[in-house]
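In what follows, a structure is listed as structure tokens, so that the remarks can point back to it.
Convention: sequence-line order gives letters A, B, ...; per-chain numbering from 1. What you see is a predicted model; the values in this text were computed from it and never measured.
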Amino acid sequence: MHFFETHRLTKAFGGLIAVNNVTFHVEEGEIYGLIGPNGSGKTTVFNLITAYYPITSGTIRFRGKEMNGLPTWKVCKEGIGRTFQIVKPLARMTVLENVMTSAFCRTSNTAEAREKALEVLQFCEMEKKIDFPAKGLTIGDRKRMEIARALATSPKLLLLDETMAGLTPQEQADGVQLIRKMRNAGITIIIVEHIMHVIMNLCDRILCINYGQEIARGTPAEVANNQNVIEAYLGKE
Amino acid sequence: MKSLYAKIAVLALLAVFPLFVGSDYYRHLVIIALMWVVIGASWNLLAGYTGQVSFGHAIFFGVGAYTAGLCTTQLGISAWWGMLLGGPAAMLVGILIGFICFRLRGAYFALATIAIAEILRLIAIVWRDFTEGMQGILIIQTFRSKVPYYYLALGIAVICMLLIYKIIKSKWGFYFIAIREDQDAAEALGISTFRYKSLSLMVSSFFTGLAGAFYMNYMGFIDPEVVFSLHFISIMAILVSIIGGAGTMWGPSVGAFIMVMLQELFRSSFFGYAPSWVSHAHAMAFGVLVILVIRFMANGVVGDWSKITNLWSKGKPAALVTNGN
Ligand SMILES: Nc1ncnc2c1ncn2[C@@H]1O[C@H](COP(=O)(O)OP(=O)(O)OP(=O)(O)O)[C@@H](O)[C@H]1O
Ligand SMILES: [Mg+2]
């Protein structure tokens with residue numbers, strides 16, 4: 001039994017098959033990369049795992065439990081957290097309130113939720129910004145708050161969807177640090193990212209998809225040298 | 001702290017008001033305003049905090065009022081039982097509406113509330129054997145004095161505000177606001193948006209129903225055109241909240257007093273100082289008021305209080321004063 005696995009995962013939007021027979025597994029403690037050109041179906045895979053869309057066919061198993069049919073909020077309760085490629089801050093709340101809201105996932109006590117939120121914000125090095133209104137944050141801070149919010153639900157598996165896109169090189173470097181720190185804290189991570197040096201640096205294994213289908217898998221070095229991957233990203237000669 | 005003292009002062013003032021003001025007319029106005037504090041706060045919890053806008057709060061007010069009235073006409077028991085049964089009856093209707101509408105997002109709920117309020121109004125008109133139809137329900141009031149009703153209304157308002165305050169400061173409050181801000185994000189944080197929208201509606205419909213039951217007992221008379229009215233109840237509930245400040249804790253309370261005062265000014269043609277046609281213009285005046293508030297104080301009197309005080313102290317036009325929130 002794998003920590004997390006999908007089996008022949010498929011999603012059709014009408015005639016468009018956005019995810020096509022994708023099978024992969026992730027072991028506990030891994031950082032797993034999911035890459036592919038624009039529109040290849042990466043975000044859709046995340047949306048299937050977290051039940052934003054119903055699955056057309058295939059199965060998802062997490063820690064031995066079949067996840068098909070669970071509503072989104074229960075997927076979170078089961079221990080799968082996520083961030084959104086297009087960030088979704090709770091705009092008219094402060095940073096602390098945003099993170100407290102998600103900390104209520106594991107407690108109904110306000111003081112405990114607050115404590116957990118402060119702890120997570122400290123972990124994410126956002127403690128100076130706890131009272132900022134979320135709508136006023138820079139894109140870098142919004143992305144970081146998304147991560148903090150996902151962390152406060154105490155996930156065992158975390159899905160990160162392009163959390164580095166649009167960040168400055170310094171912010172990217174800090175982001176890489178943060179992801180390593182999360183892994184060291186015992187969280188398994190699936191990461192979708194276009195920035196190659198980030199992916200190559202962080203991931204233990206990588207799955208590359210194009211048009212919803214697997215085109216390569218393996219270690220970062222193997223995937224980087226795979227002819228299919230090079231063609232998918234750069235086009236055929 | 002300062003604002004806590006202010007609230008205690010206002011409460012103390014309200015508590016001694018009937019001891020100093022003997023006029024039934026003014027006592028009546030404050031009783032009605034206190035009733036609107038409850039309805040406004042209820043609407044605000046659902047729409048202002050949870051983001052689920054209702055255009056039909058008359059549903060719950062009417063069901064509460066009719067529950068009390070029917071206790072007397074159908075069961076032959078005191079309409080005061082309505083104070084016990086009116087809230088739960090309205091809540092039951094709320095649960096049903098939520099069950100049907102809250103699995104979907106968008107305008108379904110708002111549209112359904114308008115439709116259901118209309119349906120209930122028509123049922124109350126047509127089903128004469130049960131509801132007395134257009135004739136309405138008339139009961140004999142228990143007290144001739146306004147004072148018992150006054151303190152009952154004050155008690156209900158205080159309990160309602162304390163409870164809603166507690167809710168807003170708790171996990172529920174965080175969840176309600178999260179749902180208002182972004183339902184997709186809320187689900188990702190482990191929030192069953194369906195369950196928490198329903199809970200918000202349950203609290204909201206309960207207190208609105210309780211206010212309806214109180215109205216029956218206090219006025220001694222209800223008919224479908226009043227208690228299920230889009231204009232007098234559903235829209236008024238929205239105005240009370242928006243004028244005072246939707247999504248603020250105390251906005252609807254302030255809005256209730258402003259709106260009841262305005263309504264009375266128009267109803268009485270400014271106590272007879274204005275020509276009598278003014279009394280027919282109040283719907284239009286409310287419309288103008290809403291436009292002004294949305295243009296200059298989108299967050300209501302309470303939400304944009306700093307704009308108002310700035311206007312006073314510096315004489316700057318309100319629209320140019322940016323406020324921090
Ligand atoms: N809700 C939807 N309805 C219809 N088609 C959709 C929907 N969501 C995604 N798609 C389509 O599915 C395909 C995969 O989209 P997806 O967002 O998963 O790609 P992606 O790999 O995340 O791309 P990017 O790198 O640009 O974020 C695209 O062709 C997209 O247009
Ligand atoms: Mg994407």
Side-chain angles (χ1 to χ4, degrees), chain A residues 46-47 49-53 70-84 86-94 96-114 117 131-136 145-146 148-155 158-159 161, chain B residues 44-45 47-53 99 102-106 163-200 245-249 251 298-300 302-304 306 322-325:
Chain A
F46 277 8
N47 283 337
I49 296 171
T50 50
Y52 281 91
Y53 303 139
L70 288 188
T72 300
W73 66 274
K74 268 195 186 151
V75 173
C76 171
K77 293 268 189 202
E78 288 292 327
I80 300 181
R82 74 167 293 179
T83 66
F84 293 93
I86 297 163
V87 288
K88 294 182 181 296
L90 306 172
R92 283 175 286 175
M93 278 182 164
T94 65
L96 178 62
E97 286 164 347
N98 263 270
V99 182
M100 272 178 79
T101 304
S102 61
F104 278 118
C105 185
R106 307 285 171 208
T107 174
S108 293
N109 179 294
T110 309
E112 278 174 27
R114 194 185 156 82
D131 289 325
F132 283 31
K135 66 177 165 190
M145 188 184 78
E146 284 260 318
R149 219 169 51 181
L151 275 182
T153 65
S154 307
L158 186 55
L159 315 179
D161 196 350
Chain B
N44 184 44
L45 182 73
Y49 280 105
T50 320
Q52 307 305 305
V53 176
F99 190 78
F102 282 160
R103 290 183 195 280
L104 306 167
R105 294 184 195 170
L163 197 85
I164 287 181
Y165 182 81
K166 273 263 179 229
I167 287 175
I168 290 305
K169 295 291 170 197
S170 75
K171 170 176 170 173
W172 285 23
F174 280 81
Y175 277 18
F176 291 169
I177 297 174
I179 288 168
R180 176 190 74 192
E181 294 298 306
D182 193 319
Q183 294 200 45
D184 279 334
E187 284 272 336
L189 303 182
I191 302 171
S192 165
T193 53
F194 173 73
R195 177 187 297 169
Y196 282 90
K197 284 188 279 188
S198 300
L199 286 171
S200 179
T248 66
M249 185 62 215
N299 303 310
V302 170
D304 281 334
S306 60
T322 53
N323 78 331
N325 223 326

Got a donor-acceptor contact below 3.5 angstrom from the B:Asn299 side chain to the B:Asp304 backbone?
no
Quick one: does any side-chain atom of A:Thr110 pair with a main-chain N or O of B:Ser170 as donor and acceptor, under 3.5 Å?
no
Given a strict heavy-atom distance threshold of 4.5 Å, which part of A:Ser108 is in contact with chain B: side chain, backbone, both, or neither?
both
Contacts of residues 74-82 of chain A with chain B (heavy atom under 4.5 Å):
A:Cys76, A:Lys77, A:Arg82
Under 3.5 Å donor-acceptor, A:Thr72 side chain and B:Ala188 backbone
no
Determine yes or no for a side-chain-to-main-chain donor-acceptor pair under 3.5 angstrom, with B:Ser198 supplying the side chain and B:Phe194 the backbone.
yes
Could you pull out all residues at least two apart from A:Ala113 that satisfy side chain to side chain contact (heavy atoms under 4.5 Å, CB included)?
A:Ala103, A:Phe104, A:Thr107
Can you list every side chain to side chain donor-acceptor pair (under 3.5 Å) pair that touches residues 174-192 of chain B, not counting sequence neighbours?
A:Arg92-B:Glu181, B:Arg105-B:Gln183, B:Arg105-B:Asp184, B:Gln183-B:Lys197, B:Glu187-B:Thr193
Sort out for me which of A:Glu97, A:Arg149, A:Arg106 touches chain B most, counting heavy-atom pairs under 4.5 Å.
A:Arg149
Can you list the residues that meet the side chain to side chain donor-acceptor pair (under 3.5 Å) rule with A:Lys88, with sequence neighbours excluded?
none
